[in-house]
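First the structure, in the form of structure tokens, and then the observations on it.
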Amino acid sequence: MRARFAPSPTGFLHVGSARTALFNWLAVRHAGGEFVLRSDDTDAERGSDEYYQDVIDGLRWLGLDWDEGVEVGGPHGSYRQSERLARYQDVAEALRRAGAAYLCFCTTPELEERRRQAQAEGKPPGYDGRCRPLDAAESQARREAGEQAVVRLAVPRPGETVFEDIVRGEVRFDHDHVEDFVLLRSNGSPTYHLASTVDDVDFEVSHVVRGEDLLSSTPKHILITVAMGAEPPSYAHLSLLMGPDGKKLSKRHGDTALHSYRRGGYLPDAFVNYVALLGWNFGDDETVFARSEMVERFDLGDIQKNPAVFDNEKLTWMNGVYIRQLELDDFVDRTRPLVEADLARPLDEAEQATYRGIAPFIQERMKVLTEAPEQARFLFVDVVEYDAGAWEKILTKPDARSALESALARLASLDEWQTDAIERSLRSMLEELELNARKGLQPLRVAITGSSISPPLFESMESLGRARTLARLEDVVKRL
RNA sequence: GCCCCCAUCGUCCAGAGGCCUAGGACGCCGCCCUUUCAAGGCGGAAACGGGGAUUCGAAUUCCCCUGGGGGCACCA
């Protein structure tokens, strides 16, 4: 099996394309075949290096490695279409000489007018084949005389293209609805159909796995392939990803660029796991599974035919599952930079140890990595910012002040500053003051962290250290 | 307008004629645990779009309707 992913660098890699890449990759790795990465960069107008790099970075981040293609090379020469232009022209020319394609001199306005008319009459809107009967030699002469012409494929008529789609089953298209489409523009550049198909043939691609938006173009690709004297590949057309409103996933649904998930604190494994579930399943009731298991069980034939809505909430839940599965060191390595960025300074050695100490408690209450700073911040700032709502709701309560003062006295005289001792001391304080935990402990939490939401209190105090804990309690008492 | 694809809880998937009183996951609701927030445990509400046909029997097969999606460029 040889599959390919062929993005056009005309935009950032978005989640829909990422899913297509993933399904290609899964199919190839399952079969032990080769994965080819090609850059469909024939559109110099819209394409850019930035987008190209974004695609590469995105695939690498996801861990979807390729065996052949752009960046890594391979036996088929360049894997960038912009460097293969001559090849496409040669194919178009050969097809023309063989009578499988012909020159067309119709102008765009003429074409538009006829298309409009056909539509008004309820007929298929495609090209009407006007230039097809023209004598090839005469046409050739006209072009050499300087007349603008495109090369069109002579689609067999009457006729029909039938193929077996791996996910959809048998699909048929009557050629009445497949126009004599353009292969080569008048400026000599290839259309997508030509370039893509020639490459699939040249690169010996055996399986074309792509979005459903290309389903109705498939007859064109098969026709070109056959005209080139090659065997068409197998096709698998994936249904598209939808936004929450059921419309095709796009910019208006917010961030659809893959890199925004990376920046938003998502783990590549979680993303891959979630996206794999969109249109596919593990075969039992499991939803969380390792990549190796995925590869082992994956089968293009099991893919769901209907479009799937991309659900950020489920992705986020799954990300939380993966975060909790991280080794502590790994978790620290991934989140410490975020904490440091938030503070706008690096943590010194002692602070790093402190962070590592509190990290397990932060780790289990996060869904995205980017939540780490807000949980850890209180440990590393000189002055905590108090959440106005929490201050009002908790610190101004009648029992808050006595709890703070009592805690202050007890903690100041505590023998050893560690979680267990702190807990024992504060629990006996609760008894003494006859306060429940909520009334007696929440004020302390707000006082030392600035928020009513934080890692566990006793651990937080230990991490903060005695001096700073006492200072904050004292400061709050004063301000009250 | 023309062509193609699709159709099970709000969402993602199970279900390939009787195992379905339709199963799991996210989300939602309730309870438990609990120093907050999470996590975790337990429980709950929640779906086969409609109509025909085939069959002893249909979520599962066929047809029509409806609905949704995609495509119809000298863009990819």
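Below, all heavy atoms of this structure are taken into account, side chains as well, without hydrogens, waters or symmetry copies. In what follows, chains carry the letters A, B, and so on, assigned in the order in which the sequence lines appear, proteins first and then strands, with residues in each chain numbered from 1.
Taking atom CG on A/Asp180 and atom P on B/rC74, their separation rounds to 12 Å, with Å as the unit. The CG-C1' distance, from A/Leu426 to B/rU35, rounds to 10 Å in whole Å. Atom CG of A/Asp285 and atom C1' of B/rC12 are 13 Å apart (whole Å).
With both ends at atom P, the span from B/rC29 to B/rG15 equals 31 Å, rounded to whole Å. If you take atom P in B/rC62 and the same atom in B/rC26, they sit 34 Å apart, rounded to whole Å. If you take atom P in B/rA58 and the same atom in B/rG1, they sit 37 Å apart, rounded to whole Å. Of the C1' atoms belonging to B/rC12 and B/rA46, the separation is 15 Å, rounded to the nearest Å. Going from the C1' atom of B/rG71 to that of B/rG57 covers 41 Å, rounded to whole Å. B/rA16 sits 15 Å from B/rA22 when the C1' atoms are compared, rounded to a whole Å. Remark: the separation of the P atoms in B/rU60 and B/rU21 is 15 Å, to the nearest Å. Distance check on atom P: B/rC2 versus B/rG18 gives 40 Å, rounded to whole Å.
Checking the phosphate oxygens (OP1, OP2) of B/rU8, a side-chain nitrogen or oxygen of A/Asn306 falls inside 4.0 Å. In this structure, A/Lys367 does not reach the B/rC26 phosphate: none of its side-chain N or O atoms is under 4.0 Å from OP1 or OP2. Taking only side-chain nitrogens and oxygens, A/Ser239 never comes nearer than 4.0 Å to OP1 or OP2 of B/rG70. Put simply, A/Arg365 has no side-chain N or O that comes within less than 4.0 Å of OP1 or OP2 on B/rU36.
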Tabulate protein N/O versus nucleotide N/O from nucleotides 42-49 of chain B, keeping only pairs under 3.5 Å, one per line.
none

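Residue A/Gly279 is classed as a sugar-phosphate contact, given heavy-atom separations below 4.0 Å to backbone atoms only. Among the protein residues, A/Glu286 comes within range of no part of the nucleic acid, since none of its heavy atoms lies under 4.0 Å from any strand. A/Thr316 comes within contact range of no nucleotide atom at all, as no heavy-atom separation falls under 4.0 Å. When heavy atoms are screened at a 4.0 angstrom cut-off, A/Arg152 is found touching the sugar-phosphate backbone but no base atom.
For A/Glu179, taking side-chain heavy atoms from C-beta onward, the closest of the listed nucleotides B/rC6, B/rA73, B/rG10 is B/rA73.
In the interface, the side chain of A/Arg168 is not paired with the base of B/rC5 through any donor and acceptor atom under 3.5 Å apart. Counting atom types as modelled, A/Ser454 pairs no side-chain N or O with a base atom of B/rC37 as donor and acceptor under 3.5 Å.
Taking a pair to require two hydrogen-bonding distances under 3.5 Å in either a Watson-Crick or a G-U wobble arrangement, B/rG1 pairs with B/rC72. Applying the Watson-Crick and G-U wobble criteria (two distances, each under 3.5 Å), B/rA7 pairs with B/rU66. Pair check for B/rC42 finds B/rG30; Watson-Crick or G-U wobble, both atom distances under 3.5 Å.
Residues A/Tyr51 and A/Phe12 bring their aromatic ring centres within 6.0 Å.
A salt bridge is absent between A/Arg424 and A/Asp420; no separation between the charged side-chain nitrogens and carboxylate oxygens falls under 4.0 Å.
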